[in-house]
Amino acid sequence: MAIQKPGIPKGTRDFSPEEMVKRNYIFDTIKSVFRKYGYQEIQTPSMENLDTLTGKYGDEGDKLIFKILNSGDFLAKVSPEKLEAANSKSITSEISEKALRYDLTVPFARYVVMHQNDIALPFKRFQVQPVWRADRPQKGRYREFYQCDADVVGSDSLLNEAEFVLIYQEALSNLGLKDFIIKINNRKILSGIAEIIGKPELIIDMTVAIDKLDKIGMDGVVKELLEKGFGESDIEKLKPIIELDGSNAEKIEKLKSVLIKSETGLKGIAELETLFNYIEQLKTPNSKLQLELDITLARGLNYYTGAIFEVKSNEVAMGSIGGGGRYDDLTGMFGLKDLTGVGISFGADRIYDVLEELGLFPTTTNETTRVLISNFDEKAEAFALPILSQLRQNGIAAELYPQAAKLKKQLSYADSKRIPYVILIGSEEMESGLLSLKNMQTGEQQKLTLANIVNHLV
RNA sequence: GUGGUUGUAGCUCAGUUGGUUAGAGCACUAGAUUGUGGUUCUAGGGGUCGUGGGUUCGAGCCCCAUCAUCCACCCCA
């Protein structure tokens, strides 16, 4: 067999020891905040049944699901007519019954329905696992990436929404981000706007178009709205709403008058007011919470029914680093009615890229070996083994250089692995029982008993 | 799915109007220093120039195809 150049699939990455230290720092920070707010961790399988996932993310989303080919002779069951027709879509369901999870929310909904008799409502869970999307990769976009989700089902209180805002604020602040904005909108307000214009059936097209405002400008939005079937008069009504500005309170007042005839719209506004009120009372005093009511915030997922969240860093040009919202009907698709849920997600990989770009990773990461014992020959090695054991019994991360080698090489090894201390054991040390402890940072070296070394390193 | 970018050593990249034996830095190995790393100096190993075809006396360079890559759009974390 010919030697082949190794490679990994497009949009996937290896993570080095150094990168893992940084990634775990992000995961641990986010997880501890989740726990602090009463969320418990679960995990679900990497793959779900294909029909669990299809139809939940819209047509665009379905295309991005990674399907898993059935094992064995997967074409045997497909009828000759279908093979002849060569219609990929109709054959897919026959040759693939599993798929890699696309997000953590739908598997969570599936979990809740399957375990509904075992979980106490309201159920607050968090989940940190990779998801896969068959996207074209680009900056900040990968085919395999981690999401950190927290969701609660079985509670329609807006207190949950308020706490999610605080979780965003606390977790991202803890990670060292100083300037980020949490955008909030409400699907009911969007519905209300579509109602007022008289095109409630076009709400999706409307929200997708106005979502692009800051990217393509008002002219672009108008152009797209016209293409989607809105009339000139509709757009005239829409314009002032889209261009809404001022403080959050001012925006709410203006929206109230615009949406006066829409029951749904007014309900959305009432929800926002309650939410802002909760946040005001819950937030840490003096915290620089940047919260913005953004009426153009839509987000693609069609299952949001209430609040919609999105978080963006103002310091780095990057897509959103988090998002979420309320979905009233999610478990309904799996036969469990009237269960409301709300959740948020952190995009760990994008947060990594942002922290890297801003140089915000802490330098004092202490996840390497604490002390290396040198190895000159068989005799010294034998002498070192009980010492190695003692160090480890005292909870000190220690390693013995696994074979005799030149000291230069062993010190280089310690240096490249950033091991802070090296114990040198030669004939002199073996005779006296005093071991040479070298501090790799200062270069200083002193002779100590093992007990002293342990005290020094603990 | 659409448009563009770039493919040369393990990594980051030079390589002139097409011309002899394709270079540098970093990394690696060895030595200067037989028990002292990070700085320095010296030497060394390492290349199907993404792949296939074409033009030419001659191609890393020009042409075609193909694959990969990154970026942007769509959409999204």
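Letters A, B, ... are given to chains in the order of the sequence lines, protein chains preceding strands, and every chain is numbered from 1.
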Might you list the N or O atoms of the protein lying below 3.5 Å from N or O atoms in nucleotides 2-7 of chain B, with each pair's distance?
unit_1: U2(B); atom_1: O4; unit_2: Arg136(A); atom_2: NH1; d: 2.5

- Item | Euclidean distance, atom NZ of residue Lys139(A) to atom C1' of C74(B) [Å, nearest integer] | 19 Å
- Item | Rounded interatomic separation in angstrom, taking CG from Asp349(A) and P from A77(B) | 13 Å
- Task: With the side chain counted from C-beta on, respond yes when Ile181(A) and Asn314(A) share a heavy-atom pair under 4.5 Å apart, and no when they do not.
- Result: yes
- Please report the closest heavy-atom contact between Glu381(A) and Pro402(A), naming both atoms and the distance. OE1-O, 4.2 Å
- Identify, with sequence neighbours excluded, every residue that meets salt bridge (charged side-chain N to carboxylate O under 4.0 Å, His left out) alongside Glu144(A). none
- Query: Between CH2 of Trp132(A) and CZ of Phe66(A), what distance do you get to the nearest 0.5 Å?
  - Reply: 10.0 Å
- For Lys283(A), the salt bridge (charged side-chain N to carboxylate O under 4.0 Å, His left out) test, sequence neighbours excluded, returns Glu280(A)
- Query: How long is the gap from CZ on Phe34(A) to CD on Glu170(A), to the nearest 0.5 Å?
  - Reply: 11.5 Å
- Message: Output the rounded distance in Å from CG (Asp135(A)) to C1' (C73(B)).
- Response: 12 Å
- Message: List the residues meeting salt bridge (charged side-chain N to carboxylate O under 4.0 Å, His left out) with Glu428(A), not counting sequence neighbours, and say none if there are none.
- Response: Lys447(A)
- Note on the structure: Scoring nucleotides 34-42 of chain B by protein non-hydrogen atoms under 4.0 Å (B base, S sugar-phosphate only, - none) yields -BBBB----
- Minimum-distance nucleotide (side-chain atoms of Lys215(A) versus C76(B), G31(B), C70(B)): C76(B)
- salt bridge (charged side-chain N to carboxylate O under 4.0 Å, His left out) pairs touching residues 37-52 of chain A, sequence neighbours excluded, are Lys31(A)-Glu41(A), Arg35(A)-Glu41(A), Glu48(A)-Arg110(A)
- Task: Only pairs at least two apart or in different chains count here, so list each salt bridge (charged side-chain N to carboxylate O under 4.0 Å, His left out) that has a residue in residues 6-20 of chain A.
- Result: Arg13(A)-Asp349(A)
- Message: Show me the pairs that pass side-chain hydrogen bond (donor to acceptor under 3.5 Å, both in side chains) and involve residues 214-229 of chain A, at least two apart or across chains.
- Response: Lys212(A)-Glu224(A)
- Message: Below 4.0 angstrom, which residues in residues 141-148 of chain A have at least one non-hydrogen atom near RNA chain B?
- Response: Arg141(A), Tyr142(A), Phe145(A), Gln147(A)
- Nearest-Å distance once atom P is located in both C73(B) and C57(B): 48 Å
- Item | Between G45(B) and C28(B) - C1' atom distance, rounded Å | 9 Å
- Could you work out the separation of G19(B) and A59(B) based on their C1' atoms and round it to a whole Å? 10 Å
- Please report, rounded to the nearest Å, how far the P atom of C74(B) is from the CG atom of Asp211(A). 10 Å
- Message: Would you measure the distance from the P atom in U12(B) across to the matching atom in C70(B) and give it in whole Å?
- Response: 12 Å
- Task: Taking atom C1' in both G3(B) and U39(B), compute the distance separating them and give it to the nearest angstrom.
- Result: 49 Å
- Touch check for Lys212(A), heavy atoms < 4.0 angstrom, all strands: base, sugar-phosphate only, or nothing? sugar-phosphate
- Item | Trace of the side-chain hydrogen bond (donor to acceptor under 3.5 Å, both in side chains) decision for Asn160(A) with Tyr37(A) | CA-CA 10 Å; Asn160(A) 299 299; Tyr37(A) 282 78; over 6 Å; no
- Message: Measuring from atom CD1 of Ile193(A) to atom CD1 of Ile203(A), what distance do you get when rounded to the nearest 0.5 angstrom?
- Response: 8.5 Å
- Can you run down the salt bridge (charged side-chain N to carboxylate O under 4.0 Å, His left out) pairs that involve residues 405-422 of chain A, sequence neighbours left out, and say none if there aren't any? Glu399(A)-Lys417(A)
- Query: What nucleic acid atoms does Ser345(A) come within less than 4.0 Å of, heavy atoms only: base, sugar-phosphate, or nothing?
  - Reply: nothing
- Item | Residues which pass salt bridge (charged side-chain N to carboxylate O under 4.0 Å, His left out) with Lys312(A), listed by chain and number, not counting sequence neighbours | none
- Query: Rounded to the nearest Å, what distance is computed from the NZ atom of residue Lys228(A) to the P atom of nucleotide C74(B)?
  - Reply: 11 Å
- Task: State the CD1-CD1 distance between Ile184(A) and Ile189(A), to the nearest 0.5 angstrom.
- Result: 10.5 Å
- Query: Rounded to the nearest Å, what distance is computed from the NZ atom of residue Lys223(A) to the P atom of nucleotide C73(B)?
  - Reply: 15 Å
- Task: Can you run through RNA chain B from 5' to 3' and write each base as (, ), [, ], | or . depending on how it pairs? Watson-Crick or G-U wobble, both distances under 3.5 Å.
- Result: ((((.((..((((.....[...)))).(((((.......))))).....(((((..]....))))))).))))....
- Item | Separation of G1(B) P from Leu64(A) CG (nearest whole Å) | 11 Å
- Query: Pick the nucleotide of RNA chain B nearest each of Gly319(A) and Gly11(A); which residue has the one closer to the 5' end?
  - Reply: Gly11(A)
- Message: When the C1' atoms of G25(B) and G46(B) are compared, how many Å lie between them, rounded to an integer?
- Response: 15 Å
- Over how many whole Å does the gap from Trp132(A) atom CH2 to A77(B) atom C1' extend? 15 Å
- Message: Would you measure the distance from the C1' atom in U8(B) across to the matching atom in C49(B) and give it in whole Å?
- Response: 4 Å
- Quantified in whole Å, what is the C1' atom distance between nucleotide A27(B) and nucleotide G44(B)? 14 Å
